[in-house]
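Quick caveat: nothing in here was measured; it's all calculated off a predicted structure.
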Amino acid sequence: MRKERLPDSPIVYFCEKKKEEAEWALFLHAAFVDHQMYDAQTVCLKERYHLLLPDIIGHGESVGAKKGDSLCKMSGWIKEILDREGIEKIHVAGVSLGAVLAQDFANHYPERVKSLACFGGYDINHFDARMQKENGGAQLRMMLKALISVKWFAKENKKISACTPNAQEAFYRLNLRFPKKSFRYLATLNRMVNVCKAEGRSYPLFIGCGESDIPMEQKAVRMWAESEPDAFVKIFEGAGHCVNMDVPQAFNDALEAFWQGSLSV
């Protein structure tokens, strides 16, 4: 996989490009890990798609930020990557934090989106105020644990983020590398929520979560599905929050079926 650094930004991204013509797919990872959370997707899909996997600011290798850089700039940086790589339209997929950033990118650059798939996320354009407050409180409690001990934080976080032993261990190992100083970037997350009130989409939408995800997340998916009846919705059996890590084969099959227009749920 080719590694690139986006000029004049802290962003490092990874490309897997085929020699033949193919569609492009962008994967945006969850908080506290990096693009490697999509290793199972890379192995499976690289034979049929061009893949683009950036490390979000403050994560993985995207840690060389300067004053003024923030999470709110990710959509612009992603657009710059697409321009640099000559990508006109792309399938956009995100899990958890990645689902928020995927929507933010689609809000700013809908003409560049071929499809949008969000898992373990919520509708950032119509997020219930009480749920937003509850979600913010849960994030703050987790951050306080990290300030005391990164290992304690990682051990607790893996239980929330995955439910299978293999996925929990993989998430834990990636989580240990997350630098404490990068928590400051996550503090700007709410600046993307309930800002854009755009109605209607020019691209298909796929939303979902794991059947063992927290009740608040399952409620968020149900509310989103009710507000967008044309969206494809799937609750993944045997999965927690990071469905792509818990049930990679089921996730890959569903995502590819969605991209090909043959998804039925």
Side-chain angles (χ1 to χ4, degrees), residues 1-65 69 71-121 174 185 192 202-206 242-245 248 251-260:
M1 185 175 290
R2 171 167 54 92
K3 182 176 80 170
E4 298 286 345
R5 180 175 292 277
L6 185 66
D8 301 318
S9 87
I11 302 304
V12 172
Y13 65 94
F14 300 82
C15 276
E16 186 73 44
K17 187 173 183 180
K18 293 163 49 64
K19 292 182 180 179
E20 301 83 7
E21 285 293 316
E23 295 181 322
W24 277 93
L26 166 68
F27 287 95
L28 296 170
H29 62 77
F32 315 120
V33 290
D34 59 38
H35 73 282
Q36 294 177 86
M37 78 170 289
Y38 289 115
D39 280 353
Q41 284 66 57
T42 302
V43 170
C44 175
L45 300 172
K46 68 180 182 180
E47 301 301 324
R48 296 179 294 282
Y49 298 89
H50 304 311
L51 304 179
L52 183 62
L53 299 96
D55 280 345
I56 295 168
I57 182 174
H59 298 70
E61 297 192 41
S62 296
V63 292
D69 287 341
L71 203 60
C72 298
K73 290 188 174 183
M74 276 303 305
S75 289
W77 287 327
I78 292 169
K79 191 260 187 186
E80 287 182 33
I81 294 172
L82 266 57
D83 291 344
R84 190 174 189 233
E85 297 292 336
I87 303 168
E88 183 177 349
K89 281 199 171 189
I90 193 165
H91 295 292
V92 183
V95 172
S96 195
L97 171 62
V100 173
L101 295 175
Q103 292 175 76
D104 190 63
F105 176 77
N107 280 342
H108 285 90
Y109 306 103
E111 73 282 359
R112 309 299 289 270
V113 179
K114 196 171 185 69
S115 71
L116 178 64
C118 299
F119 307 95
L174 290 172
Y185 300 118
M192 303 178 193
S202 57
Y203 48 82
L205 173 66
F206 181 17
C242 295
V243 294
N244 70 297
M245 299 179 76
F251 178 87
N252 296 347
D253 290 346
L255 192 58
E256 193 164 12
F258 171 61
W259 290 342
Q260 295 174 355

Side chain proximity check, [X] to [Y], heavy atoms < 4.5 angstrom:
| X | Y | answer |
| --- | --- | --- |
| L97 | L71 | yes |
| H29 | D55 | yes |
| Y38 | V95 | yes |
| V100 | M192 | yes |
| K79 | H108 | no |
| P10 | W77 | yes |
| L45 | F27 | yes |
| I56 | M74 | yes |

Next on the checklist: Please evaluate residues D34 and E61 with respect to the criterion side chain to side chain contact (heavy atoms under 4.5 Å, CB included), reporting the C-alpha separation (whole Å), side-chain torsions for both, the decisive distance (0.1 Å), and the verdict.
Outcome noted: CA-CA 8 Å; D34 59 38; E61 297 192 41; over 6 Å; no
Checklist entry - Step by step, would you call E23 with R48 a salt bridge (charged side-chain N to carboxylate O under 4.0 Å, His left out)? => result CA-CA 8 Å; E23 295 181 322; R48 296 179 294 282; over 6 Å; no
Hey, what do you get for [atom1] ([X]) to [atom2] ([Y]), rounding to the nearest 0.5 Å?
| X | Y | atom1 | atom2 | answer |
| --- | --- | --- | --- | --- |
| H35 | S62 | NE2 | OG | 9.5 Å |
| L53 | M37 | CG | CE | 10.5 Å |
| I87 | W24 | CD1 | CH2 | 4.0 Å |
| F32 | S96 | CZ | OG | 8.5 Å |
| I11 | I57 | CD1 | CD1 | 5.5 Å |
| Q41 | N252 | CD | CG | 4.5 Å |

Heavy-atom closest contact ([X] atom, [Y] atom, distance):
| X | Y | answer |
| --- | --- | --- |
| V92 | A102 | CG1-CB, 3.6 Å |
| L82 | F105 | CD2-CZ, 3.9 Å |
| A22 | H50 | O-CD2, 3.2 Å |
| Y109 | S75 | CE1-O, 3.5 Å |
| K46 | V43 | CG-O, 3.9 Å |

Checklist entry - Is the shortest side-chain N to carboxylate O distance from R112 to D83 below 4.0 Å? => result yes
Next on the checklist: Between the side chains of R84 and E4, is the shortest nitrogen-to-carboxylate-oxygen separation below 4.0 Å, so that they form an ion pair?
Outcome noted: yes
Item to check | Step-by-step side chain to side chain contact (heavy atoms under 4.5 Å, CB included) determination, C118 to Q103 | outcome: CA-CA 8 Å; C118 299; Q103 292 175 76; 3.8 Å; yes
Next on the checklist: Can you tell me how the ring of F258 sits relative to the ring of F206, calling it parallel under 30°, perpendicular over 60° and tilted otherwise?
Outcome noted: tilted
Item to check | Ring geometry between F251 and F119 (parallel below 30°, tilted from 30 to 60°, perpendicular above 60°) | outcome: perpendicular
Next on the checklist: Run the side chain to side chain contact (heavy atoms under 4.5 Å, CB included) test on T42 and M1 for me, step by step, so that the C-alpha distance in whole Å, both residues' side-chain angles and the decisive distance to 0.1 Å come before the verdict.
Outcome noted: CA-CA 9 Å; T42 302; M1 185 175 290; 3.2 Å; yes
Next on the checklist: Between V113 and I90, does the side chain to side chain contact (heavy atoms under 4.5 Å, CB included) criterion hold? Intermediate values first, please.
Outcome noted: CA-CA 5 Å; V113 179; I90 193 165; 6.0 Å; no
Checklist entry - Got more than 12 heavy atoms from elsewhere within 6.0 Å of CD, E88? => result no
Checklist entry - Any chance NZ of K18 has more than 12 other-residue heavy atoms, nucleotides or ligands included, within less than 6.0 Å? => result yes
Item to check | Worked check of ring-ring contact (aromatic ring centres under 6.0 Å, His included) between Y49 and W259 | outcome: CA-CA 11 Å; Y49 298 89; W259 290 342; 4.9 Å; yes
Item to check | Stepwise salt bridge (charged side-chain N to carboxylate O under 4.0 Å, His left out) test for R2 and E85 | outcome: CA-CA 12 Å; R2 171 167 54 92; E85 297 292 336; 3.1 Å; yes
